[in-house]
K.L.:
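Okay, here's the structure, questions in a sec.
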Amino acid sequence: MHPYNRLSSSGHNTPSPPQSPLRSPRYRKGKGGRPGLQPRTLAQRLAWTLLSVFLRRQGVFLFAPLIYIAGMLLYMGTVSFDVVPHIKPRPAPGSVYRSPQLYEKLRPEMDSDNSSADGLVTVWRHPYRGGEWRPCINKTLGDLPESNGYIYVEANGGLNQQRTSICNAVAVAGYLNATLVIPNFHYHSIWRDPSKFKDIYDEEHFISTLKNDVQVVSKIPDFLMERFDRNMSNVYNFRIKAWSPIRYYKDAVLPKLLEEQVIRISPFANRLSFDAPPTVQRLRCLANYEALRFSNAIATFAETLVARMKERSAKNNGKYIAVHLRFEEDMVAFSCCVFDGGKEEMQEMNAARERGWRGKFTKPGRVIRPGAIRINGKCPLTPLEVGLMLRGMGFDNSTSIYLASGKIYKAEKTMAPLLEMFPLLQTKDTLASMEELAPFKNFSSRMAAIDYTVCLHSEVFVTTQGGNFPHFLMGHRRYLYGGHSKTIRPDKRKLALLFDNPNIGWKTFKRHVLNMRSHSDAKGIELKRPNDSIYTFPCPDCMCRVNKLEELRFSSVP
């Protein structure tokens with residue numbers, strides 16, 4: 001056996017390298033000439049050839065980036081940019097008014113929903129652990145001491161802002177042992193109502209109710225006005241800061257009153273702090289809940305409308321819902337919210353803002369974000385949104401609704417869906433004839449007083465925007481209904497999110513708004529805290545808790 005010879009048989013001393021295979025062993029032909037994994041199609045062969053070149057000529061890899069860039073430039077040059085899809089940014093939350101689309105989506109389920117119990121029967125369920133409350137305002141007996149002088153105030157604003165001024169003036173006059181002159185109502189460019197005190201309130205009842213606590217007169221005696229040439233503008237006018245404490249009146253106003261015998265305070269809206277001693281609060285309660293009564297003409301007409309509402313609610317035992325809807329043009333304009341009116345709405349709202357608040361909304365640097373305003377719950381609810389909310393709360397289409405409102409913005413369009421959901425809806429104009437409304441029609445405060453009375457006697461009061469009107473009503477209803485306001489105050493931030501969600505279903509929507517209704521019930525009885533308005537929270541300053549012993553005693557009286 002010969003050893004392995006590393007040299008070639010030719011006898012040369014130079015070693016000869018072994019033959020390189022033509023193909024990788026993996027791609028050799030098998031038996032019968034059948035190819036292994038060799039590419040078959042033209043594209044595969046071309047790709048395989050290029051790969052082989054790159055593998056054999058590794059320097060080509062240095063030019064790969066340049067080849068790639070050149071290829072991309074060539075490709076982009078052959079493609080038109082017109083076919084590239086344009087991606088629109090998603091609108092900010094709340095910036096689009098989606099409620100009409102949501103209504104169309106939810107309407108079939110809403111109309112076929114028979115699972116709800118009657119909302120007017122089940123709306124108030126929350127018991128208050130301390131029991132009910134009853135009015136208890138102690139009235140003074142006996143004569144008043146000699147007066148320190150006359151106080152004349154000018155009440156500005158609308159009906160209920162003027163009401164605040166009247167009650168605060170009574171409290172200040174009583175505290176300073178002064179004689180109060182019947183307050184004068186300042187004519188406002190927005191409300192444009194020239195009504196005097198006696199046109200809205202029963203002046204004789206006001207004076208007689210307060211006679212043992214505060215002396216009230218209709219005018220200043222002539223002998224005093226002669227000192228001022230019978231001109232009220234010559235009387236010393238106090239410019240008092242808003243929310244001043246009652247102590248300020250004693251320290252600063254009383255000395256001047258004793259000196260001049262007549263003083264004027266103008267303007268007088270919100271010029272007294274809500275937090276005050278019990279003696280001051282008692283006078284506020286007495287003025288608001290006992291002394292202030294609407295004039296005979298307003299009270300008689302309003303009571304007629306209440307009776308008509310109860311007649312139309314016979315199916316629900318005379319119970320009806322009152323809704324305070326703030327969707328007038330000035331409120332929509334002031335809110336700076338955007339609805340579905342497009343360019344026409346934008347032009348109308350810009351013009352309304354300039355008429356009512358010249359330059360306020362066009363100051364340099366002021367940025368208005370309608371979407372953020374809506375998400376923060378600051379937009380007025382539309383009639384459609386009020387209808388959706390109430391139907392979700394369990395009030396069906398047989399429920400009678402009284403709508404307290406001014407002139408609704410684009411009423412023919414915006415009111416249509418609410419009337420579809422609640423065909424028994426009524427307003428002053430539908431309950432009364434033109435002849436009956438004529439004495440009140442052109443006086444905004446008198447019309448507001450009529451709405452106030454009809455809302456006061458409803459089973460449910462719904463507030464949609466806040467303001468003095470609902471705040472006074474909630475307090476007055478607490479005073480009449482055992483401490484419970486019987487008022488629905490919706491969470492408008494949550495509502496904004498619900499109305500902005502196109503994917504929400506009826507059952508989910510209904511669950512959320514029923515929780516709002518339950519929350520309003522639980523918050524119906526609330527006690528006044530420091531700096532809360534006594535006109536909204538009369539407990540415990542104007543009311544006393546009814547304990548079980550009192551209940552037994554009252555029930556035993558024949």
Side-chain angles (χ1 to χ4, degrees), residues 134-144 147 150-155 157-185 195-219 246 265 268-272 274 276-300 302-303 445-446 448-450 452-453 456-457 468-469 471-480 528 533-539 541-544:
R134 61 178 178 84
C136 61
I137 304 172
N138 296 324
K139 295 183 179 180
T140 303
L141 300 176
D143 297 329
L144 289 170
S147 174
Y150 293 82
I151 294 180
Y152 174 89
V153 301
E154 291 186 358
L159 175 72
N160 290 286
Q161 192 169 355
Q162 291 171 346
R163 193 178 185 114
T164 306
S165 299
I166 296 167
C167 298
N168 287 348
V170 169
V172 169
Y175 186 76
L176 300 182
N177 188 32
T179 299
L180 177 66
V181 182
I182 288 290
N184 181 54
F185 292 164
S195 298
K196 303 301 181 183
F197 187 97
K198 64 181 179 180
D199 297 322
I200 300 175
Y201 298 105
D202 186 335
E203 188 172 307
E204 291 184 6
H205 176 79
F206 183 74
I207 294 173
S208 63
T209 302
L210 296 171
K211 65 180 180 180
N212 291 328
D213 293 273
V214 180
Q215 186 176 356
V216 183
V217 296
S218 58
K219 65 176 185 177
I246 192 66
I265 307 176
F268 193 66
N270 303 323
R271 291 303 187 268
L272 180 61
F274 281 135
T279 53
V280 174
Q281 302 292 50
R282 186 186 67 83
L283 290 173
R284 279 170 154 169
C285 297
L286 182 62
N288 187 45
Y289 299 115
E290 301 294 338
L292 279 179
R293 189 169 73 183
F294 291 127
S295 67
N296 186 59
I298 292 175
T300 302
E303 287 166 5
S445 291
R446 300 181 203 184
I450 294 167
Y452 186 99
T453 304
L456 184 64
H457 296 288
N468 288 312
F469 185 93
H471 288 159
F472 263 94
L473 261 172
M474 283 190 284
H476 207 152
R477 289 168 66 84
R478 285 188 168 108
Y479 189 78
L480 293 181
K528 180 185 178 300
S533 169
I534 197 171
Y535 309 120
T536 307
F537 303 98
C539 305
D541 297 276
C542 312
M543 306 183 74
C544 301

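The structure presented is a predicted model; accordingly, all values stated were derived computationally and were not measured.
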K.L.:
Under the side chain to side chain contact (heavy atoms under 4.5 Å, CB included) criterion, do Val217 and Tyr150 qualify, and how do the steps go?
P.N.:
CA-CA 9 Å; Val217 296; Tyr150 293 82; 4.0 Å; yes

K.L.:
Quick check for you: to the nearest 0.5 Å, what is the distance between Ile450 atom CD1 and Arg446 atom CZ?
P.N.:
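Answer rounded to 0.5 Å: 9.5 Å.
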
K.L.:
Hey, what do you get for CG (Leu292) to CG (Asp202), rounding to the nearest 0.5 Å?
P.N.:
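With rounding to 0.5 Å, CG (Leu292) is 10.0 Å from CG (Asp202).
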
K.L.:
Hey, is the main chain of Leu210 close enough, under 3.5 Å, to the side chain of Asp213 for a donor-acceptor pair?
P.N.:
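Checking the backbone N and O of Leu210 against the side chain of Asp213, no donor-acceptor pair under 3.5 Å is found.
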
K.L.:
Does Arg284 use its side chain to pair, donor to acceptor, with the backbone of Ala171 at less than 3.5 Å?
P.N.:
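No, Arg284 side chain to Ala171 backbone: no donor-acceptor pair under 3.5 Å.
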
K.L.:
Got a donor-acceptor contact below 3.5 angstrom from the Ser147 side chain to the Thr179 backbone?
P.N.:
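Here the side-chain-to-backbone pair exists.
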
K.L.:
Closest approach of Glu203 and Ser218, non-hydrogen atoms and distance?
P.N.:
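Between these two residues, the closest heavy atoms are OE2-CB, 3.6 Å.
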
K.L.:
Sub-3.5 Å donor-acceptor pair from the side chain of Glu154 to the main-chain atoms of Asn184, do we have one?
P.N.:
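Answer holds: no.
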
K.L.:
Does any part of the side chain of Pro277, heavy atoms only, come nearer than 4.5 Å to the side chain of Ile246, both counted from C-beta?
P.N.:
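Heavy-atom side-chain distance check passes, below 4.5 Å.
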
K.L.:
Start with the C-alpha gap between Lys528 and Ile534, add the side-chain angles, then the distance that decides, and say whether side chain to side chain contact (heavy atoms under 4.5 Å, CB included) holds.
P.N.:
CA-CA 7 Å; Lys528 180 185 178 300; Ile534 197 171; 4.2 Å; yes

K.L.:
Are the side chains of Ile182 and Tyr201 in contact, using a 4.5 Å heavy-atom criterion?
P.N.:
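When only atoms from C-beta onward are counted, Ile182 and Tyr201 do not touch, as no gap falls below 4.5 Å.
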
K.L.:
Are any non-hydrogen side-chain atoms of Ile200 and Phe185 less than 4.5 angstrom apart?
P.N.:
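Side-chain contact under 4.5 Å: yes.
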
K.L.:
My understanding is that only residues two or more places apart in sequence, or in another chain, count here; which of them pass side chain to side chain contact (heavy atoms under 4.5 Å, CB included) with His471?
P.N.:
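Side chain to side chain contact (heavy atoms under 4.5 Å, CB included) list for His471, sorted by chain: Met474, Thr536.
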
K.L.:
Give, for atom CZ of Arg163 and atom OG of Ser445, the distance between the pair rounded to the nearest 0.5 Å.
P.N.:
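Atom-to-atom, Arg163:CZ and Ser445:OG are 12.0 Å apart.
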
K.L.:
Quick one: pull up CE in Met543 and CZ in Phe537 and give me the separation to the nearest 0.5 Å.
P.N.:
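Interatomic distance, Met543 CE to Phe537 CZ, rounded to 0.5 Å: 13.5 Å.
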
K.L.:
Working to the nearest 0.5 Å, report the span between CZ of Arg271 and OG1 of Thr164.
P.N.:
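Spacing of CZ (Arg271) from OG1 (Thr164) equals 12.0 Å.
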
K.L.:
For the residue pair His205 and Glu290, what are the closest heavy atoms and their distance?
P.N.:
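What the structure gives for the nearest pair is NE2-O, 2.9 Å.
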
K.L.:
Do Phe197 and Phe206 make the cut of ring centroids closer than 6.0 angstrom?
P.N.:
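Yes, close enough.
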
K.L.:
Shortest non-hydrogen contact from Gly475 to Pro538?
P.N.:
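Smallest heavy-atom distance, with atoms named: O-CG, 3.6 Å.
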
K.L.:
Taking the SG atom of each, are Cys136 and Cys542 under 2.5 Å apart?
P.N.:
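Disulfide absent: SG-SG distance not under 2.5 Å.
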
K.L.:
List the steps, then state whether side chain to side chain contact (heavy atoms under 4.5 Å, CB included) holds for Val170 with Leu286.
P.N.:
CA-CA 9 Å; Val170 169; Leu286 182 62; over 6 Å; no

K.L.:
Are any of the side-chain heavy atoms of Val214 and Leu283 separated by less than 4.5 Å?
P.N.:
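In short, these two side chains touch, coming nearer than 4.5 Å.
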
K.L.:
Is there a side-chain contact between Phe472 and Leu159 in this structure, where contact means two heavy atoms from C-beta onward sitting under 4.5 Å apart?
P.N.:
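A side-chain contact is absent here, since even the closest heavy-atom pair is not under 4.5 Å.
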
K.L.:
Within the structure provided, determine whether Gln161 and Asn270 are in side-chain contact (heavy-atom separation under 4.5 Å).
P.N.:
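The answer is yes, as the side chains (C-beta and beyond) meet within the 4.5 Å cut-off.
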
K.L.:
Report yes if the side chains of Arg282 and Thr140 come closer than 4.5 Å at any heavy-atom pair, otherwise no.
P.N.:
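Answer yes - side chains close enough.
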
K.L.:
Taking only residues two or more places apart in sequence or in another chain, which ones pass disulfide bond (SG atoms under 2.5 Å apart) with Cys167?
P.N.:
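For Cys167, no residue satisfies disulfide bond (SG atoms under 2.5 Å apart) once neighbours in sequence are set aside.
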
K.L.:
I want to know whether Tyr289 and Tyr479 have ring centres closer than 6.0 Å.
P.N.:
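Ring centres of Tyr479 and Tyr289 closer than 6.0 Å.
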
K.L.:
Mark yes or no for whether Arg477, through its side chain, and Leu456, through its backbone, hold a donor-acceptor pair below 3.5 Å.
P.N.:
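Yes: the side chain of Arg477 pairs with the backbone of Leu456.
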
K.L.:
Working to the nearest 0.5 Å, report the span between CZ of Phe268 and CD1 of Ile166.
P.N.:
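That separation rounds to 11.0 Å.
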
K.L.:
Within the side chain of Gln215, is there an N or O that forms a donor-acceptor pair under 3.5 Å with the backbone of Asn177?
P.N.:
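Not confirmed, Gln215 side chain does not pair with Asn177 backbone.
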
